[in-house]
Amino acid sequence: MDADDGTGDVDRGADRVDFGDDVDESADGPGDLGSSEGANTIDAGSVDALLERTGFRPDESVLTRRQAEVLVLRERGMKQSDIADVLGTSRANVSSVESSARENVEKARETVAFAEALTAPVRVEIPNDTDLYDVPGLVYDACDGAGVKVNHTAPELMKAVGDAAGDAVHGREIRRRLFVTVGHDGAVRVRRP
C-alpha cells in the first residue's frame with residue numbers, strides 16, 4: 001500500500017525498481033543523486049548523467065526518457081514535488097508519468113516471463129481444485145521426463161507457487177489454473193493465465 005506523506009507525494013515503498021549495485025552514488029557536490037536532500041542542486045545534466053550511469057538506453061527500453069528520469073529520481077528517494085521542480089513540470093504530471101512507467105515495467109516483466117515460458121523445457125499446467133501439496137509431484141515428474149533438475153525442495157516449491165499465485169491459491173486449494181515452468185537452469189516460474 002502506498003503511503004501519502006501529506007504533501008501529495010506517495011511513498012512507493014516496496015515498489016522500488018532495482019537498478020543494480022554498479023551505480024556510483026557516492027558523488028559529492030552538485031548533482032549528488034544519492035538522496036533527495038540535494039534536490040535543489042540537481043539539474044538536467046545531473047539527471048542525464050544518472051541515466052547514463054544506470055545504463056538507460058532509450059532506443060531499447062519500454063520506458064520513455066521522461067519515465068526513466070522520473071523513476072531513477074524516485075528510486076533515489078526524491079519526492080514527486082522535488083522532481084517536478086527539477087524537470088520543470090507539475091507534481092501531478094510527475095505522478096502520472098511515474099504511474100505509467102511502473103505499469104510499463106510490470107508489462108515488460110510479464111512479457112519476459114511469457115517469453116521464458118515459451119522456451120522452458122518443462123511446462124506444467126496446474127488445474128483448479130488441485131491440492132497445493134500435489135504440485136511438487138506434478139512438477140518433479142515433468143522435470144524427470146525432460147531431464148531437468150528443479151532447484152527447490154517440495155516445501156520450497158509449494159511456497160514459491162503459493163506466493164507467486166497470489167489469490168489463485170487459498171490455503172491448500174488451487175482455485176484458478178496455473179502454469180509452472182522450469183528452465184534449463186532449474187529456475188521455477190509461476191504464471192496465471
Side-chain angles (χ1 to χ4, degrees), residues 1-120 151 160 163-166 179 181-193:
M1 167 87 54
D2 298 338
D4 188 324
D5 65 2
T7 66
D9 287 333
V10 176
D11 177 7
R12 298 301 296 192
D15 284 343
R16 299 217 181 265
V17 176
D18 181 10
F19 287 99
D21 296 330
D22 59 344
V23 177
D24 178 15
E25 294 181 4
S26 61
D28 291 322
D32 174 14
L33 300 174
S35 71
S36 63
E37 295 170 16
N40 58 357
T41 63
I42 295 174
D43 60 16
S46 301
V47 175
D48 288 343
L50 184 56
L51 287 177
E52 185 176 324
R53 289 195 323 247
T54 58
F56 177 69
R57 295 187 304 255
D59 295 343
E60 299 176 23
S61 179
V62 298
L63 299 176
T64 66
R65 180 171 189 81
R66 182 56 62 133
Q67 288 172 339
E69 291 169 343
V70 169
L71 278 185
V72 80
L73 294 173
R74 286 291 280 158
E75 296 308 317
R76 297 304 183 275
M78 283 186 69
K79 292 182 177 184
Q80 290 177 342
S81 56
D82 291 336
I83 295 170
D85 291 343
V86 169
L87 300 179
T89 188
S90 68
R91 192 211 59 80
N93 180 260
V94 169
S95 178
S96 175
V97 169
E98 180 181 1
S99 177
S100 294
R102 293 191 187 282
E103 287 175 15
N104 287 347
V105 168
E106 188 53 40
K107 286 178 183 178
R109 286 184 179 137
E110 175 55 27
T111 300
V112 168
F114 173 73
E116 289 177 350
L118 289 175
T119 61
N151 294 334
D163 290 349
F179 295 104
T181 60
V182 183
H184 293 285
D185 61 355
V188 174
R189 284 199 179 264
V190 179
R191 299 189 69 243
R192 299 187 317 184

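Residues take their numbers from the sequence shown, with the count starting at 1.
When all heavy atoms are compared, the tightest approach of Ala164 to Val190 is CB-CB, 3.6 Å. Contact record, Arg74 with Lys79: NH1-CA, 3.8 Å, taken as the closest heavy-atom pair. In this structure, Val70 and Glu98 approach most closely via the heavy-atom pair CG1-CB, 3.8 Å.
Side-chain contact check for Leu87 versus Arg66: some heavy-atom pair is nearer than 4.5 Å. Here the side chains of Val47 and Ile42 are in contact, with some heavy-atom distance below 4.5 Å.
With sequence neighbours left out, Asp163 forms a salt bridge (Lys or Arg N to Asp or Glu O under 4.0 Å) with Lys159. Qualifying salt bridge (Lys or Arg N to Asp or Glu O under 4.0 Å) partners for Arg191, counting only residues two or more places apart in sequence or in other chains: Glu110. The side-chain contact (heavy atoms from CB on, under 4.5 Å) check on Ala165 picks up Ala168, Val169, Leu178, with sequence neighbours excluded. Scored by the side-chain hydrogen bond (donor to acceptor under 3.5 Å, both in side chains) test, Thr111 finds no partners at all (sequence neighbours excluded). Every residue two or more places apart in sequence or in another chain that forms a salt bridge (Lys or Arg N to Asp or Glu O under 4.0 Å) with Glu60 is listed here: Arg57. The side-chain contact (heavy atoms from CB on, under 4.5 Å) check on Ser100 picks up Gln67, with sequence neighbours excluded. The side-chain contact (heavy atoms from CB on, under 4.5 Å) check on Val112 picks up Glu116, with sequence neighbours excluded. The side-chain contact (heavy atoms from CB on, under 4.5 Å) search around Asn151 returns none, not counting sequence neighbours.
Note that CD of Glu75 and OG1 of Thr54 are 11.0 Å apart. Values are rounded to the nearest 0.5 Å. Separation of atoms CD (Glu69) and OG1 (Thr89) is listed at 11.0 Å; rounding is to 0.5 Å. Separating the OG atom in Ser46 from the CG atom in Leu51 is a distance of 11.0 Å, to the nearest 0.5 Å. Taken to the nearest 0.5 Å, the CD atom of Glu103 stands 11.5 Å off from the CG atom of Leu63. Taken to the nearest 0.5 Å, the CG atom of Leu118 stands 9.5 Å off from the OG1 atom of Thr181.
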Task: Test log, rule side-chain hydrogen bond (donor to acceptor under 3.5 Å, both in side chains), inputs Ser90 and Asn93 - done: CA-CA 5 Å; Ser90 68; Asn93 180 260; 5.4 Å; no

Open item on the list: side chain to side chain contact (heavy atoms under 4.5 Å, CB included), that's the test. Do Lys107 and Val62 meet it? Break it down for me.
Closed with: CA-CA 9 Å; Lys107 286 178 183 178; Val62 298; over 6 Å; no

TODO: Report the C-alpha distance between Arg102 and Leu71 in whole Å, list the side-chain angles of each, state the deciding distance to 0.1 Å, and finish with yes or no for side chain to side chain contact (heavy atoms under 4.5 Å, CB included).
DONE: CA-CA 8 Å; Arg102 293 191 187 282; Leu71 278 185; 3.7 Å; yes

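Using a distance-only test at 3.5 Å, with no hydrogens or angles considered, no donor-acceptor pair links the side chain of Ser95 to the main chain of Arg91. Side chain of Ser99 to backbone of Ser96: no donor-acceptor contact under 3.5 angstrom is found.
The existence of a salt bridge linking Arg65 and Asp48 is confirmed by a sub-4.0 Å separation between a basic side-chain nitrogen and an acidic carboxylate oxygen.
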